[in-house]
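All heavy atoms count here, side chains included; hydrogens, waters and symmetry mates do not. Remember, it's a predicted structure, so these values are computed and weren't measured experimentally.
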Amino acid sequence: MTADIGILSFGAYIPKGRLQRQAVYAANAWFAGGLKGLAKGERAAANWDEDTITMAVEAARDTLVGVDRAGVGTVSLASTTLPFADRLNAGVVKEALTLDDGTAAIDVTGSQRAATSQLIQALDAAAGAARPHLAVASEMRKARPASEGELNYGDAAAGVLVGKGDVIARYLGSHSTTIDFVDHVRATGADFDYTWESRWIRDEGYTGLIGAAIKGALAKLGVTGAEIDRFVVPLTLRGVPEGLAKRAGVKPEAVVESLGATVGEAGVAHATLLLAATLEAAAPGEKILLVGFGQGVDVLLFETTPAIASLPARRGVKGSIARGAKTDNYMRFLFHRGLVELERGQRAEADQKQPGTTLWRNRKAVLGLVGGRCTKTGTVQFPKSDIGVNPNDHAVGTQEDYPLADVRAKIVTYTADSLTYSPNPPSYYGMIDFDGGGRMMVEFADVDASDVEVGRDMMMMFRIKAVDEMRDFTKYFWKAVPVA
């Protein structure tokens with residue numbers, strides 16, 4: 001009997017910060033009063049130490065809850081905002097997840113439908129693949145101040161694990177078109193999109209191209225619009241998904257909420273993010289139609305299986321939205337995005353050079369947070385070393401790898417440092433004890449004074465440690481954040 005092909009697991013990550021759109025409008029109303037109609041709700045805004053890679057790692061970790069990571073065969077990262085043009089971004093994700101060195105990795109970019117195209121390729125290849133494919137999408141776009149994009153965009157990442165076996169959503173097929181419809185464009189090296197007139201995009205692109213592709217997909221796959229239980233269109237323009245559903249004969253209640261009011265439009269990641277939100281709410285036996293748009297259209301069809309009911313609990317989209325914290329600090333947002341330059345002082349002038357040689361030798365510890373455990377005494381330590389730290393037995397050569405990224409910890413000591421340079425002062429750091437052993441000095445992220453106290457439960461997240469501005473190199477490490 002042939003094994004089913006489809007989705008085995010899913011996950012998501014949305015940054016904690018929720019920038020209030022009213023605050024953005026209030027700062028720009030003197031110049032761009034026409035933005036008032038968009039000044040409702042909030043958008044997800046990444047912290048200074050987050051980027052496409054860090055968000056992808058967190059979405060991937062959520063996707064792999066309850067999954068044996070040794071079984072992952074490929075990691076792909078879809079985005080149009082990758083930090084590196086010539087360094088395998090998906091390779092950094094692979095290292096942070098401590099996947100086997102035999103894992104394949106690839107970056108997918110160049111279009112807003114990169115994530116759905118990535119998914120189709122992974123699913124079509126699954127029949128001949130020995131191990132599952134972890135397909136992650138992540139996006140963190142810049143927009144000019146006082147632009148519609150600044151209000152509409154949101155930062156997020158999501159992932160799905162696809163392969164064959166006991167799938168939670170069976171893959172029923174796909175349909176794609178490729179048409180060089182330039183609704184917006186961003187040249188290599190440019191910071192911002194150039195966007196054409198919205199009514200033309202809606203009428204010719206969304207209604208015309210997407211509508212025709214959905215019609216073609218339904219005919220090709222032998223289903224009717226009335227059979228679709230979840231209609232996933234990653235567009236936040238009000239009324240567009242509903243209009244497409246009506247044209248296709250899909251019932252109104254099947255249209256999946258766009259998350260535009262709480263997250264914003266997450267670019268390449270939005271289709272995967274909405275797919276994750278759909279899967280966490282779906283019951284067995286539901287048909288899901290997923291659309292991707294960007295210089296053409298992708299349409300994918302899935303049907304959920306009974307296995308979806310037994311998927312282990314995870315943060316997902318609901319959990320990511322629930323941990324959000326509202327902020328109206330628009331100036332901080334601009335500074336963190338590199339859109340306004342502040343005087344940082346001499347303490348910010350330290351050279352942040354990351355030698356490639358030491359990163360190579362210590363990549364498990366730096367990127368994967370892999371410590372050591374003494375096989376003789378059971379003592380856990382970070383970093384791993386040839387000589388154990390147990391005061392009663394400094395055993396030599398007995399250390400085995402001991403990953404700590406998924407181990408909870410508690411604050412032992414902490415400091416709020418207003419003297420050292422931080423893009424988000426004060427800088428919080430301190431000593432933490434891992435459950436089951438191991439202690440390290442670490443920076444804290446996503447905290448304020450009310451979040452930090454001795455004994456507070458913490459978890460580890462992959463973040464930017466510093467940016468080497470002289471060499472355009474981003475240094476990554478792990479930081480402790482409060483357990484929600």
Side-chain angles (χ1 to χ4, degrees), residues 7 10 12 14 38 40-44 112-113 115-116 119 137 152-154 156 158 160 168-169 171-175 177 183 198-199 201-221 223-294 297-304 308 316-318 320-321:
I7 298 172
F10 65 89
I14 302 169
L38 300 176
K40 301 173 183 177
E42 57 194 22
R43 56 154 293 175
Q112 288 294 292
R113 64 176 169 126
T116 49
L119 192 52
N152 289 334
Y153 292 170
V160 288
I168 62 170
Y171 177 53
L172 301 181
S174 66
H175 175 67
T177 65
D183 55 330
S198 58
R199 186 172 57 181
I201 296 171
R202 181 195 64 201
D203 294 345
E204 294 293 334
Y206 301 159
T207 303
L209 297 181
I210 296 179
I214 291 174
K215 181 178 180 180
L218 293 175
K220 175 182 176 180
L221 300 173
V223 295
T224 65
E227 296 177 71
I228 302 303
D229 301 291
R230 308 274 180 168
F231 187 66
V232 186
V233 180
L235 300 173
T236 58
L237 188 62
R238 187 170 15 175
V240 171
E242 291 80 3
L244 289 168
K246 185 177 181 180
R247 286 188 63 193
V250 176
K251 47 189 177 287
E253 60 270 24
V255 178
V256 172
E257 204 277 318
S258 71
L259 302 180
T262 53
V263 178
E265 184 185 327
V268 168
H270 207 65
T272 312
L273 185 71
L274 292 187
L275 177 59
T278 301
L279 290 169
E280 69 184 8
E286 294 187 346
K287 284 187 171 62
I288 300 170
L289 192 77
L290 172 67
V291 172
F293 177 74
V297 184
D298 292 327
V299 183
L300 298 87
L301 184 63
F302 300 94
E303 184 174 19
T304 53
I308 199 167
V317 177
K318 287 182 180 178
S320 293
I321 291 176

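- Between Ile14 and Thr262 there is no side-chain heavy-atom pair separated by less than 4.5 Å.
- Side chain of Lys251 to main chain of Ile228: a donor-acceptor pair is present (N/O by atom type, distance under 3.5 Å, no hydrogens or angles).
- For the pair Val233 and Val255, the minimum side-chain heavy-atom distance is 4.5 Å or more.
- Checked against Leu301 for a side-chain contact (heavy atoms from CB on, under 4.5 Å), the options Leu218, Leu289, Leu290 give a single hit: Leu289.
- In this structure, Leu275 and Leu300 have side chains that are not in contact, with every pair of non-hydrogen atoms separated by 4.5 Å or more.
- Side-chain contact between Leu279 and Ile288 is present, with at least one heavy-atom pair separated by less than 4.5 Å.
- Side-chain atoms of Thr304 come within 3.5 Å of backbone N or O of Gly285 as a donor-acceptor pair.
- With sequence neighbours excluded, no residue forms a salt bridge (charged side-chain N to carboxylate O under 4.0 Å, His left out) with Lys220.
- Side-chain atoms of Ile308 and Ile7, non-hydrogen and from C-beta on, never get closer than 4.5 Å to each other.
- Counting heavy atoms from C-beta outward, Asn152 and Leu38 have side chains that approach closer than 4.5 Å.
- Here the side chains of Phe231 and Ile214 are in contact, with some heavy-atom distance below 4.5 Å.
- Side-chain N or O atoms of Arg113 include none that pairs as donor or acceptor with a backbone N or O of Ala271 at under 3.5 Å.
- Applying the side chain to side chain donor-acceptor pair (under 3.5 Å) definition to pairs two or more places apart or across chains, those involving residues 270-293 are Arg230-Glu286.
- Closest heavy-atom contact between Val160 and Leu119: CG2-CD1, 3.5 Å.
- Listed by chain and number, the residues in a ring-ring contact (aromatic ring centres under 6.0 Å, His included) with Phe293 are Tyr206 (sequence neighbours excluded).
- Between the side chain of Thr236 and the backbone N or O of Gly264, no donor-acceptor pair lies under 3.5 Å.
- The shortest side-chain heavy-atom distance between Phe10 and Ile168 falls under the 4.5 Å cut-off.
- Atom CG of Leu259 sits about 5.5 Å away from atom CG of Leu273, to the nearest 0.5 Å.
- Rounding to the nearest 0.5 angstrom, the gap separating the CD atom in Glu204 from the CZ atom in Arg202 is 11.0 Å.
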